[in-house]
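Counting starts at 1 for both ligands and their atoms, in listed order. Keep in mind it's a predicted model, so treat the numbers as computed, not measured.
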Amino acid sequence: MDNSVKSGSQNGLAFNPNVAALPPYNAGMNIAVARSISGRNDIARLASNENPDGCSPAVLAVLASPTLEPWRYADPACAALRAALGQRLSIQPDTIVAGNGSEELIAAVSRAMLVPGVGVVTVVPSFGLHEIEPLAQGAVVTKVAMTDDLSFDIAALEQAVASGPRVVFLSSPWNPVGPALDRKSLDRLIAAVRPSTLLVLDEAYFEFADGSCPDGLEVLRSSDIAFVVLRTFSKAYGLAGLRVGYAICSDAELARVVAAAKTPFNVNAAAQAAAIAALSDEAWMRASVARLRSERARVGAALEELGFRVASSQTNFLFFDCGRDSAALASALLQEGIIVKAWRERGYEAYTRLTIGSPADNDRLIGALARIARQ
Ligand SMILES: *Cc1c(COP(=O)(O)O)cnc(C)c1O
């Protein structure tokens, strides 16, 4: 293979140049690869923000139930799930679009809104798909850097938003850094949004945030801007492997166009049933979130004790400056059977993101980091 793959294959095929030139998505390491490198069977998977508590038993029950009919096509409109969400959130189901993970909805929003050459604003360090999906549509992506104290640069974001991009993608709480937009900051950004701009607020970690953070959906609903709020069952509800998330749109017409940009049978039957079951067992999710938040405080304090600079977090992960190439730290941890995510965006290669795991896995991580930090 040579570089010509970017403009077309050896057979003379012409690719979509925007897609052929996309940067790779930096996914967490595969467990089989981690086992073969570390020679250990008990891998601590702390790279992908999965829930170490698993999921509600109500989900496992519905997945094993005879009411699930894998031979039938699932409802392409996800009507039952959207009705349940509408009731939970007190919103009209026709403003909700369900997706094969909220990742699919980032792609659908991009496809619905973007044409080559238009502008998109996001942040850096960024959630990869907030950049990759706009680039796939040929958009021009501007990334606003985090501040030296590891938070949102509200003044710079306000200016970038006011420049009138077609779409703004922000996650709050922020993956990979951790803080959430406070009420005042969110209000400032909303005030800067022009009528031609869609604000996408990706709240994948909404359930982990504490009372100091506003409910983005509530704030946006009381504004008059066009918005999409993204939420997911992958993190707090522990359904990452089933792939189900949703978009709440500011109006039904926006939801119709976003839905038109997805594939028709995007959320499979098991995922639809599981999401409804997960919603019906809010108590399980809340208990898991409480455990993970207390572990987050414990691990964060241990990292600081070891001398690492750690960003504040309203999520189920921690982002910290490891004072060296994070790839070296990640490979030292991998030798001990622990997978973390070494950040690779330019300028941020000294940062590592680690997911809060089970107490035992967190102990292992703290022990390993203490050994490595002493070297
Ligand atoms: C994990 C994550 C998602 C993806 O969630 P899925 O619903 O599993 O596709 C979306 N946005 C952010 C910011 C995330 O961290």
With heavy atoms only and a cut-off of under 4.0 Å, state how Ala204 meets ligand 1: side chain, backbone, both or neither.
-> side chain

Determine the minimum heavy-atom distance between Val140 and Gly117, stating which atoms define it.
-> CG2-O, 3.9 Å

Subset of ligand 1 atoms that lie under 4.0 Å from at least one heavy atom of Asn175 = 13 (C), 14 (C), 15 (O)

Centroid-centroid under 6.0 Å between Phe169 and Phe127 rings = no

Among protein heavy atoms, which lies nearest atom 12 (C) of ligand 1, and at what distance?
-> Asp202 OD2, 3.4 Å

For the student: nearest non-hydrogen atoms of Pro125 and Trp343, plus distance = CB-NE1, 3.5 Å

State whether Arg371 and Glu336 are salt-bridged, where the test is any N-O pair (Lys NZ or Arg NE/NH1/NH2 against Asp/Glu carboxylate O) under 4.0 Å.
-> yes

Can you list the ligand 1 atoms lying under 4.0 Å from a non-hydrogen atom of Tyr205?
-> 1 (C), 14 (C), 15 (O)

Restricting to heavy atoms, the pick from Lys235, Glu104, Arg231, Glu103 nearest atom 2 (C) of ligand 1 would be Lys235

If you scan protein heavy atoms around atom 5 (O) of ligand 1, the nearest is Ser102 OG, 3.2 Å

Between Arg231 and Asp215, is there a side-chain N and carboxylate O pair less than 4.0 Å apart?
-> yes

Among all protein heavy atoms, pick out the one at the shortest distance from atom 8 (O) of ligand 1; state its residue, atom name and that distance to 0.1 Å.
-> Ser234 OG, 2.6 Å

OG on Ser313 to CD1 on Ile356, rounded to 0.5 Å = 7.0 Å

Look only at interatomic distance and state if Thr232 has a nitrogen or oxygen under 3.5 Å from any nitrogen or oxygen of ligand 1.
-> yes

Who are the side chain to side chain contact (heavy atoms under 4.5 Å, CB included) partners of Asp210, not counting sequence neighbours?
-> Ser212, Cys213, Arg293, Gln314

Protein heavy atom at shortest distance from atom 9 (O) of ligand 1 | Arg243 NH2, 2.7 Å

